[in-house]
Amino acid sequence: IRCTKRFTNTPKKQMDKPKYRPIPIEEKWQKRWADEGTNTFTEEQLQNAKKPFYNLMMFPYPSAEGLHVGNLYAFTGADVYGRYRRMQGEDVFEPFGFDAFGIHSENYALKIGTHPMELIPQNIRNFTRQVKRAGLMLDWNHVVDTTDPGYYKWTQWLFLQLYKAGLAEKQEAAVNWCPSCHTVLANEQVIAGACERCGTAVEQRFLSQWFFRITRYAQRLLDNLSWIDWSDTTKRAQENWIGRSEGAEVRFPIARKLNASGDQHEGVQLQTGMTAVHVFTTRPDTIFGATFMVLAPEHPLVDVLVSEVQREKVDAYRERVSTEDLVTRKKTDKEKTGVFTGGYAVNPATGKNIPVWIADYVLMEYGTGAIMAVPGHDARDFEFASKYELPIPRVIAGAGTDADTPLNEPYAGDGVLVNSGEFDGLDWRDAKQRITAWLGERNMAEPRINYRLHDWCISRQRYWGPPIPIIYCNACGTVPVPEKDLPVVLPYVENYKPDESGVSPLARAEEWYRVPCPQCGGEARRETDVSDTFLDSAWYFLRYPSANNNANAFDEALTKKWLPVTSYIGGEEHSVLHLMYSRFTTMVLKDVGLLEFEEPYSVFRKHGLIIKDGSKMSKSRGNVVVPDQYIEQYGADAFRTYLMFLGPYQEGGDFRDQGLQGPLGFLSRLWDSVMPVEEMGTEQVSGEIEQKLHATIRKVTDDIAALHYNTAIAAMMEYLNAVRESGRKINRAEVEPLVLLVAPFAPHVAEELWEQLGHKGGIYATPLWPSYDTAKATADTVEFVVQINGKVRARIPMARGLSQSEAQDTALADENVRKYVNGAQVRKVVFVPDRLINLVIG
RNA sequence: GCCCGGGUGGCGAAAUGGCAAACGCAGCAGACUCAAAAUCUGCCGGGCGAAAGUCCUUGUGAGUUCGAGUCUCACCCCGGGCACCA
């Protein structure tokens with residue numbers, strides 16, 4: 001009975017009206033795109049593309065938890081841009097892949113007890129399913145999986161190119177060791193002294209590691225930032241990371257040591273041939289205030305400088321520091337400690353002997369591992385000098401102070417030199433060059449540029465990565481694996497758990513690492529470390545066009561056609577690591593003649609972070625949004641549109657479940673405006689709607705180009721509202737362009753409506769992006785703002801193009817305006833054509 | 001400490017130095033319905049006012065300007081990154 005009643009209550013017309021049901025439409029179009037190869041290129045098509053546009057998004061690590069909304073936010077933003085460019089007639093190549101090696105996957109595999117070689121393919125299948133459901137315009141013919149031997153063969157090949165170029169070196173070095181992950185970490189992976197991944201305090205260990213000499217490229221990496229078209233904040237982050245400082249290297253000759261009675265005596269001849277302590281300073285102008293020196297406890301000259309009187313204390317201190325973990329060592333707020341070595345060096349400016357100390361606040365890894373301490377003008381030196389009662393002279397006098405004003409705190413501001421001999425009175429900036437030159441005349445100093453950037457340690461004592469293609473032979477030494485023998489396949493080993501030993505689990509696979517030497521055939525041993533995941537991602541963009549090429553890492557012709565990457569959109573969290581390493585790799589490949597360009601990404605734009613309930617999504621907070629449920633409920637189109645609408649794309653935004661209602665409602669209203677097609681009007685667009693249509697096309701076109709997706713969507717909503725509010729029957733010509741404008745955001749519903757409207761071949765068959773007419777986009781009447789003394793007193797519709805006097809006359813005819821002017825003299829008129837007139841009275 | 005962002009209605013947000021709050025969410029009222037959902041219509045920063053209108057309002061304080069959310073200076077707060085970097 002109930003059912004019957006409802007049936008009779010529903011008007012006939014509404015029964016016939018097809019309702020917007022996203023899910024079947026999306027399934028239909030996803031199938032069609034796949035069947036017809038809408039989004040994929042064949043090798044031939046890649047080769048023959050007329051207007052190549054390489055649209056890159058950052059490939060994800062395929063976690064076992066699956067795709068989360070942050071991934072999809074990143075991909076959709078890039079996809080919208082790619083679809084937009086494609087509709088404008090460009091050949092958009094939008095590939096996808098998986099960055100599946102690394103500690104992440106390995107730790108997870110260990111945790112759940114599934115071997116990574118089984119786990120990762122599962123994850124990739126799951127990720128692929130999710131990504132496909134989201135309706136991205138991806139080329140599934142060109143997929144990259146970094147764990148595929150067909151891929152990492154070329155990662156190993158890349159290592160060999162660096163090796164041949166002399167840019168890969170094995171060094172015994174103090175490295176960051178994570179005692180929990182049992183591996184070495186790059187400096188970039190150490191966050192405030194703790195492991196980036198697990199948060200465990202990082203220790204110092206001495207291991208033999210492979211390093212890439214990225215520091216040789218520091219200046220070039222910095223210089224190119226001036227011309228590459230990247231988000232400013234990303235460039236700034238790289239600039240800070242490279243950390244260029246200009247200053248001087250100054251030599252302090254070693255002078256004397258304490259003897260047993262505490263007196264100074266002549267220094268000994270130095271075995272190393274070094275007769276001076278070298279320091280790097282950015283403030284050579286303050287050298288007259290350098291009253292002592294500090295060496296890092298590990299500094300090799302400590303052994304030379306130390307006097308017998310102090311040896312015991314020095315050894316004890318060094319012992320203590322070496323066992324100290326780097327978190328404690330690098331805490332900036334802890335009290336500084338140190339020990340006098342008993343040795344002295346000569347300040348080359350004053351000629352005086354100054355004591356040499358060792359202290360843990362001086363780091364071996366920066367500069368020369370030694371400093372001249374200027375306690376008067378450096379906060380750290382001041383603190384140290386105060387504690388150990390060392391003299392704190394003033395050598396810079398700021399406003400209101402002179403040579404004799406005592407220093408109660410370090411002064412690092414502007415000023416002129418004092419207590420600095422012939423340089424007194426000089427501005428500190430000028431003094432930098434003058435003093436460096438003056439010392440240089442006696443060969444005691446020269447200008448020097450120092451970088452914070454360190455060489456890239458790529459060795460990992462882990463299992464889940466590409467083996468480093470090196471063989472150690474007792475007779476021949478270090479021998480690179482011949483390119484013909486690549487890939488060095490990562491063997492399946494049952495026990496891949498890392499241990500305390502500091503060597504890779506592969507070092508337990510004897511049958512794998514025992515090999516004959518490629519040069520002499522003698523007994524040899526493979527390198528058992530694998531390489532850093534960042535090496536996999538440092539070149540993946542080169543592989544995509546050549547993903548199906550087994551003969552080369554990257555095909556010469558395809559690379560020439562498609563690279564550098566036209567547009568790269570990705571998260572800011574990769575500002576320094578991935579983006580810096582891939583720039584470095586590209587430069588190296590150019591230098592060895594394999595590429596013709598040296599910057600991999602012509603345009604890079606960072607996108608914002610998506611927030612949930614006011615904080616970053618994370619598993620520990622339990623606020624991670626999984627897209628599947630939303631896509632099932634609202635459809636991929638509404639979900640995509642919502643993600644792009646919730647805030648400015650480059651700044652991110654707050655994800656709220658209820659927010660999805662807006663875009664869903666918009667898409668259903670668009671659907672209702674078109675369907676059923678037979679009921680649409682056939683009149684031409686005219687009048688206000690025509691103006692609004694052209695203005696909307698212009699705004700959407702410009703906004704998408706600038707990644708202002710949220711305002712582009714708002715403009716489309718506004719236009720649709722205007723069309724619907726007219727109250728008339730909706731004409732086909734009014735909504736057809738809107739169907740196209742919405743396509744980058746909601747591709748499925750756009751395709752469906754486009755087909756319903758009678759168009760064959762789909763939206764991407766020909767370049768369909770609507771064009772606008774600037775003249776038509778401009779309204780012929782404007783609402784003119786009339787201000788009196790800067791306050792709005794009237795809003796009067798006026799014809800466009802009025803002159804100042806016409807506008808003024810019209811304004812003065814307004815009652816409210818007259819009331820305020822009230823016969824007073826108009827002293828000044830500010831006139832902004834077609835917008836505003838401001839009458840200043842007084 | 002240094003380097004980036006950012007601070008606007010109940011919420012997400014918008015605004016080439018020129019109408020602050022577009023667009024959307026939530027809310028309220030109404031229409032349709034036996035009812036609910038869906039949909040549609042209206043209202044929706046605060047004060048005064050019957051209304052026309054008017055005053056206040058973009059973290060705080062100053063400044064530049066005919067005019068400041070927007071530019072300048074100082075400060076406060078939030079988020080992110082770097083950090084004994086010599």
Under the salt bridge (Lys or Arg N to Asp or Glu O under 4.0 Å) rule, what pairs show up with a residue in residues 367-376 of chain A, not counting sequence neighbours? none
Contact list (N/O, under 3.5 angstrom) for nucleotides 38-43 of chain B vs protein:
residue : atom : partner  : partner atom : Å
B/C40   : OP1  : A/Arg724 : NH2          : 3.1

Does the structure show a Watson-Crick or G-U wobble partner for B/G79, both distances under 3.5 Å? Name it, or say none. B/C4
Nearest heavy atoms of A/Thr810 and A/Ile796, plus distance in Å: O-CD1, 4.1 Å
What residues form a salt bridge (charged side-chain N to carboxylate O under 4.0 Å, His left out) with A/Arg818, not counting sequence neighbours? none
Is the ring centre of A/Phe745 less than 6.0 Å from the ring centre of A/Phe666? no
Between B/G1 (C1') and A/Asn240 (CG): distance, integer Å: 14 Å
Donor-acceptor check, side chain of A/Arg640 to backbone of A/Leu72, threshold 3.5 angstrom: yes or no? no
Can you tell me the distance, in whole Å, between the CD atom of A/Glu298 and the P atom of B/C84? 14 Å
What's the closest nucleotide to the A/Trp241 side chain, out of B/C82, B/C55, B/C84? B/C82
Nucleotides 6-22 of chain B: protein proximity per nucleotide (B base, S sugar-phosphate only, - neither; heavy atom, under 4.0 Å): -----SBSS-B-BB--B
Touch check for A/Tyr20, heavy atoms < 4.0 angstrom, all strands: base, sugar-phosphate only, or nothing? nothing
Name the closest nucleotide to the A/Val840 side chain, picking from B/C23, B/C66, B/A26. B/C66
With sugar-phosphate meaning primed atoms plus P, OP1 and OP2, does A/Ser245 contact a base, only sugar-phosphate, or nothing at under 4.0 Å between heavy atoms? sugar-phosphate
Syn if the chi torsion is within 90° of 0, anti otherwise; quick check, which is B/G46? anti
Please check if any side-chain donor atom of A/Glu249 sits under 3.5 Å from a side-chain acceptor atom of A/Thr368, or the reverse. no
Both conditions, 6.0 Å and 45 degrees, for the charged tip of A/Arg380 above the ring of A/Tyr361: are they met here? no
side-chain hydrogen bond (donor to acceptor under 3.5 Å, both in side chains) partners of A/Ser245, counting only residues at least two apart: A/Tyr366
List the residues meeting side chain to side chain contact (heavy atoms under 4.5 Å, CB included) with A/Ala74, not counting sequence neighbours, and say none if there are none. A/His607
Nearest to the A/Ile371 side chain among B/C4, B/G24, B/A86, which nucleotide is it? B/A86
